[in-house]
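Written out below as structure tokens is the structure these notes cover.
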Amino acid sequence: MVKLDDIRQRVAHVEGQRAERLDEWRELSALILPSRGLFSGENSTGLRKKRIWNNAAYRGLRRAAAGLTSGMTPANLPWFAHDYMDPAQREITGARSYADSIDHRLNTALSMGGFYQAIHAFNREFLAFGTALLYTEAGLTVPVRYRCCTIGTWAVALDDEDSLAFVAHRMRFTAKALAARFGEDALSTVAQQALKDRPYHELEVMHVVERRDATPARPGQVMDARAMPWASYWYEAGGAEHFLAEGGYMEMPYHFTRWDEARGVYGTGPGDEAISDQRALDTHELYKTLGIEKTIDPPLVAPGMLKTHINTNPGALNAVTSVQGNQLAPLYQIDFLRGVEALQQEIATITQRLGDTMYANVFQSIPLDQRTPGMTATEVLERRREALQEMGPALSAYEPNILNTVLERTYAILDRAGFIPPPPPALGPYAMLDVEYQSPLAQALRQTDSDSIQALLQTVVPLAQADQEILDKIDFDQVVDEMSHSLGVLGSVVRSDEEVAERRQNRQAQMQAMQQAEQAKEQLDAVAKIAPVSTKDTLAGALLGGGISNA
């Protein structure tokens, strides 16, 4: 049996390994993403007090995060589709429609549970801090809920395969919400007193999830929560005598990734590269502002007699006893405007560099003045693809660590709740499905199958004009299957091989019947010409369109 003190000790160790990185995240949050992150001693509401003179890094981050969200997981476009691991199953009647129904249910759960808001917040933290954590849980009013765990509130440990093995997540609950979730009897003495005196006072709660050595449940078997593969522990972070709750999960509910795997568990990201430029930009912006202010309202020297009788408003008249000896004059002669212009040029250079560093410029359309004369739409798309491929290495872990695990966890929650229908009988008890990503960014990061097929057809078709038999090398039915699959066409649009074979068989039978009827008519015509006989009211007469009588 696991003791609370053992869990606390493990949490302290994991959080201790994060200490140095935590200070760096605090500065990144203050300078680049002030709306995210929650650190010890901070209030959970309101922005940080630190003044930012130029928020170019934040603006670049905002554009890059929006581009990443709409490029990888667009809410209004299909960005994933399930397909059969065995291509033969794809051709079974009803198989494609079944895969479409799975995708529809997953999309509905994602939209209802707030996935698209959570993944956008996740992408902002992913770019700013180089790492991020997403949480998926079964909901009460909706099947699944999603939440981005902000930086500074969690710590993780990885196993030998760089997969999540341990998560410690600090959350804040009001005393009332804590009692509603875990029951008043489970609360500590401090929390129970807060519930009576200050029901909306926030208390810090720790959620710990770690791998548990357990036998996986068999299909249809109900497993006790304390025997599930992932252990779950909830306790009050301050002064708890016992767990609030102890349970488990069939799948890891947290999803973790990092931009660059350098420098330990949490890695680094674009924000770490941008922080020095953001510091310099802030300094330059402040000096530029001071230079403009000194140009407009320069510091002056004045005679002692005008110490308290001076008016510096525009057009003001100050009377002095001696114009030459007691006149106002600038404190020093400096051309502030030239300095301001130089600073503006430097600020523009740094701003452009920050846009590149934060990958904001990757998602920016090619300006008209940078397009060569006669540039086609295909060339524009190719230029964009080349720019997006700069993110390819960093995003190589994004799909397997985040999107795959989120969809698998969502599917499992829906399946246990009875929202996933059984596969068609022809598929057997199990349909081996795999997910493929069809988002704009996923398509841009790889040469799609449809592009390869189109290139092949463009090469082969001109050759067929010289030799028609070369088309025998192309399986056009398979071309339609592969292109529809690559383009993410709904399964209900393209018929299965079984349906196509049946339709062709019926069409062939109809053609044979028509040919036989035509042949019979020709034979009867020939007979009638040789030896006219009466065919009235006979089958032959019906075929010939009337009766011929020679009686």
Side-chain angles (χ1 to χ4, degrees), residues 6-34 36-42 57 61 64-65 68 119 121-135 147-171 206-211 230-231 233 237 252-279 357-359 390-406:
D6 296 335
I7 295 296
R8 277 205 180 105
Q9 186 176 359
R10 290 201 278 273
V11 169
H13 174 71
V14 172
E15 289 187 335
Q17 292 182 317
R18 181 200 59 178
E20 184 175 352
R21 195 72 177 110
L22 196 65
D23 293 334
E24 296 168 346
W25 289 339
R26 193 187 298 269
E27 184 182 15
L28 287 170
S29 180
L31 289 176
I32 296 179
L33 191 55
R36 300 292 300 180
L38 185 60
F39 303 95
S40 178
E42 287 187 334
L61 170 65
L68 183 57
I119 198 65
F122 178 94
N123 289 335
R124 293 169 69 195
E125 298 210 1
F126 183 45
L127 287 162
F129 306 110
T131 186
L133 189 72
L134 195 71
Y135 179 54
R147 182 170 70 251
C148 175
C149 309
T150 194
I151 203 77
T153 63
W154 52 269
V156 300
L158 307 180
D159 58 20
D160 294 339
E161 298 180 352
D162 281 344
S163 299
L164 272 182
F166 183 94
V167 177
H169 182 204
R170 293 182 180 269
M171 306 183 196
M206 182 68 73
H207 184 210
V208 175
V209 176
E210 66 177 354
R211 193 187 303 276
W230 295 93
Y233 307 100
M252 166 57 89
Y254 289 96
H255 317 281
F256 167 84
T257 193
R258 47 196 170 172
W259 185 274
D260 189 346
E261 296 183 0
R263 307 298 294 175
V265 173
Y266 301 98
T268 59
D272 294 291
E273 300 175 17
I275 190 68
S276 58
D277 274 340
Q278 182 59 42
R279 292 194 201 106
T357 303
M358 299 306 298
Y359 290 90
E390 295 180 15
M391 302 182 71
L395 294 179
S396 60
Y398 191 94
E399 288 181 358
N401 292 340
I402 303 300
L403 301 185
N404 282 3
T405 58
V406 166

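Numbers here are sequence positions counted from 1.
Side-chain contact between Thr405 and Phe256: absent, with no pair of heavy atoms (C-beta onward) separated by less than 4.5 Å. You'll find the side chain of Val156 stays beyond 4.5 Å of the side chain of Phe166, heavy atoms only. Annotation: side chain of Val209 is in contact with side chain of Met252 (closest heavy-atom distance under 4.5 Å). Residues Glu27 and Arg279 have side chains in contact (heavy-atom distance under 4.5 Å, counting atoms from C-beta outward). The side-chain heavy atoms of Arg36 and Ile151, taken from C-beta on, include no pair separated by under 4.5 Å. Within the 4.5 Å cutoff, no side-chain heavy atoms of His255 are placed close to those of Asn401. Counting heavy atoms from C-beta on, the side chains of Trp25 and Tyr266 come closer than 4.5 Å. The shortest distance between side-chain heavy atoms of Thr131 and Phe126 does not fall below 4.5 Å.
In terms of heavy-atom proximity, Ala128 sits nearest to Leu33 at CB-CD2, 3.9 Å. The two atoms that bring Arg18 and Thr153 nearest to each other are NH1-C, 4.3 Å, heavy atoms only. Nearest approach of Met358 to Ala274, heavy atoms of both residues: SD-CB, 3.6 Å. Contact detail for Gly152 and Leu22: the closest heavy-atom pair is CA-CD1, 3.9 Å. What you find for Thr357 and Pro270 is that their closest heavy atoms are O-CB, 3.4 Å.
Side-chain atoms of Glu42 come within 3.5 Å of backbone N or O of Phe39 as a donor-acceptor pair. In terms of modelled atom types and a separation under 3.5 Å, the side chain of Arg170 and the main chain of His207 share no donor-acceptor contact. Side-chain atoms of Trp154 come within 3.5 Å of backbone atoms of Cys149 as a donor-acceptor pair (strictly under, hydrogens ignored). At least one donor-acceptor pair closer than 3.5 Å links the side chain of Arg258 to the backbone N or O of Val265.
With rounding to the nearest 0.5 Å, the separation of CG in Asp272 from CD1 in Ile32 is 8.0 Å. Residue Leu164 holds its CG atom at 12.5 Å from CD of Glu210, rounded to the nearest 0.5 Å. Distance check, rounded to the nearest 0.5 Å: OG1 of Thr257 to CZ of Phe122 gives 6.0 Å. Summarising the geometry, atom CZ belonging to Phe129 is positioned 9.5 Å from atom CZ belonging to Arg21; distances are rounded to the nearest 0.5 Å. Rounding to the nearest 0.5 Å gives a distance of 12.5 Å between CE of Met171 and CG of Leu38. Annotation: the span from Asp160 atom CG to Leu158 atom CG amounts to 10.0 Å, rounded to 0.5 Å.
At a cut-off of 3.5 Å, with distance as the only test, no side-chain donor of Tyr135 or His169 sits close to an acceptor on the other residue.
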### Tyr398/Asn404 under side chain to side chain donor-acceptor pair (under 3.5 Å): CA gap, chis, key distance, verdict
CA-CA 9 Å; Tyr398 191 94; Asn404 282 3; over 6 Å; no
### Task
May I have the step-by-step check of side chain to side chain contact (heavy atoms under 4.5 Å, CB included) for Glu125 and Leu28, ending in yes or no?
CA-CA 10 Å; Glu125 298 210 1; Leu28 287 170; over 6 Å; no
#### Entry: Audit row: Val208, Arg10, side chain to side chain contact (heavy atoms under 4.5 Å, CB included) steps and yes/no
CA-CA 10 Å; Val208 175; Arg10 290 201 278 273; over 6 Å; no
### Task
Please assess Trp259 against Leu127 for the test side chain to side chain contact (heavy atoms under 4.5 Å, CB included), listing each intermediate value before the final yes or no.
CA-CA 8 Å; Trp259 185 274; Leu127 287 162; 3.6 Å; yes
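The neighbour count for Glu15 CD, taken as heavy atoms of other residues, nucleotides or ligands under 6.0 Å away, is above 12.
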